[in-house]
Amino acid sequence: MALLTVSGLGVTIGTLSPLDDVSFEAHKGEILGLVGESGSGKSLTAMAVMGLLGRIGGRVSSGSILFDGQELVGLRDSSYRRLRGKRIALISQNPMTSLDPIVRIGAQIDQVSLLHLRLSKPAAKARSIDLMQQLRIPDAETLHRAYPHQLSGGMKQRIVIAMALAADPDLIIADEPTTALDVTIQAQIIQIMVDLVRARDLALILITHDMGVVAQACNRVVVLYAGRVAETNTTQAIFASPCHPYTASLIGCIPSRDQAEGTLLGIPGTVPGVLNYPKGCRFHPRCGDAMQVCARTVPPTTAQPTGSVACHLHEVVT
Amino acid sequence: MSALVSLLGLTRDFSTGSGFLKARRVMRAVDDVTLDIPRGSVTGVVGESGCGKSTLGRLVLRLISASSGSVTYDDTDLGTLSPGAMRKMRRNMQMVFQDPYSAIDPRYTIRRTLLEPYQVQRTPLPDAEARLQELMSMVGLNPDLAASYPHQLSGGQKQRVGIARALALNPSFLVLDEPTASLDVSIQAQIIALLEGLQRDLGLTYLFISHDLSLVRYFCDQVVVMYMGRVVEVLPKARDTPHHPYAQALTNSHFEPDPTRRKQVQILKGEIPSPFNLPPGCAFAARCPAATPLCHSDRPALESASSGHQIACHHPQG
């Protein structure tokens, strides 16, 4: 059974509806990739699951978020507070801003288990150092007393991961965890997260725009475009035989190992903003396979052997 | 192929301001770089943040002055030119910046931005409107946008304006400093395709600075790998296999958008050394799996291994 089931999720901010009918499942021991370009609604989805939409004046307008059998939509803030950090943890994009610059990093990790696991101070410290060692942070005892500015970006991101793990969560949402990091460091952090999911039977939602990271790490993929799900499938199927033209174009935007010169195309036009989402299929103005119907009606989501796609090309003719 | 631009022992130091109690500290951002940039080709510079690749780009155009060494453009030593002569020279060599949001003046219309180079260079332009139209269509911009301001344009369109401005005076050499790093992948591929077409049609020479290995492999002829301000390897063809352990680590850290080619990441040990306090030997020695005592004491020189291939390593791999 899925640990997290999001179905028909819609989000509104004021009069805008940036997210529309988003559905997916996250399973234990699996990495789910949430992929899309800027403005596709990746981070908004994460905020909806974390119950943080209120902070930006947004709210869930439709659908449900079922976490381990519990409905999260409409949950009281006090109940949410017991979930956040304890059972659902967030790793945000920029490790430079997710740590408090004037608090020792050890204290920042400790406070998670002090609060959520009600450990004693020495026990919390021992637990933090143990976690830091598991994340291959060298000289963990010394660094426990260090301040964030004394660490490199990759090391800071490991501290943020240690904080996320401190209360033994079941679900971790990582929002572009390696975007701010160099490639060699990115590779290390991704490897660490893949190992963690296996070792701890975690469910991890990995939000990224990097198809290389998706191919390397994810079990399943949800492709978002302009606030809707274009396609979901296993990673193998997404890359081997993408159903949605957007997925295919997105993969085609990264030059492959032996791509011939002059064959890189990109996708014409730009990603629409929430104020000017096109009618019908939101990808149709940029789509090479667009038909008349695409400009008129929203494509229904149809099942595929291992996933689903929302495209008129794959509509079942009855 | 003859070299259009030649760098000889190019070096640049930066120092932190000395205070009453603080000693002046010097870091060498670019260290003794000697390189030929062949006419009509694309030379890629790769490396992680802080390796000196952007500083190198600025030195080549003399946007900042070198601490020592020289830049020769078409047999003219740029260091010997008077400021006036250097300004004249600049019409031949232009730059496209990483962030199109800050590289063009928000209070100038596109028209004014694109015609400004002619005023700066005091170049008469008999038919400004025709040239404007020509420039805009060259970079795939609708000429109707000439009266618009940057805030009315998308990121991709702004970068096209940046490219058009660089091309205004018909230069033969462009430094492209991560021109697609702040763009979405679908737009990134458009811009690379545009740069590729312009290079072919106008016979331009590019210095392409990037941290993205799949772009470099696709787009470049010769590739220069930098680490801590030094060139560690020069590959005559972008798709050649690197032999320097650092260049190999970079390649190994790059994830292919192909789930059938997942890799086990070899985690580099050790930390990036402080640029203020570089070890006497090879800067990579502390993290290198193949390092010997020699590497810690003696700095390897950049030497030719085979035709066009240069490497600075005591123990080249594979």
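Only this structure's heavy atoms are used, side chains among them; waters, hydrogens and symmetry mates stay out. Below, chains carry the letters A, B, ... as their sequence lines are ordered, and counting in each starts from 1.
- When all heavy atoms are compared, the tightest approach of I185(A) to E48(B) is N-OE2, 4.3 Å.
- Contacts of Q191(A) with chain B are made by side-chain atoms alone, with heavy-atom separations under 4.5 Å and no backbone atom involved.
- When each of R239(B), R217(B), H211(B) is scored by its heavy-atom pairs under 4.5 Å with chain A, the top score falls to R239(B).
- Contacts with chain B were tallied for D182(A), I267(A), L250(A); D182(A) has the most, counting heavy-atom pairs under 4.5 Å.
- Both the backbone and the side chain of L264(A) come within less than 4.5 Å of a heavy atom in chain B.
- Contacts between S154(B) and chain A at a heavy-atom distance below 4.5 Å involve the side chain alone, from C-beta outward.
- Both the backbone and the side chain of Q264(B) come within contact range of chain A, each with at least one heavy atom under 4.5 Å from a heavy atom of that chain.
- For I190(A), the part lying under 4.5 angstrom from a heavy atom of chain B is the side chain only.
- Atom CD of Q133(A) has more than 12 neighbouring heavy atoms from other residues, nucleotides or ligands inside a 6.0 Å radius.
- By number of non-hydrogen pairs under 4.5 angstrom with chain A, the leading residue of A249(B), G140(B), A193(B), S49(B) is S49(B).
- Heavy atoms of T235(A) lying under 4.5 Å from chain B belong to its backbone as well as its side chain.
- With a 4.5 angstrom heavy-atom cutoff, A260(A) touches chain B only via backbone atoms.
- In terms of heavy-atom pairs under 4.5 angstrom with chain A, the leader among K263(B), Q188(B), E256(B), E196(B) is E256(B).
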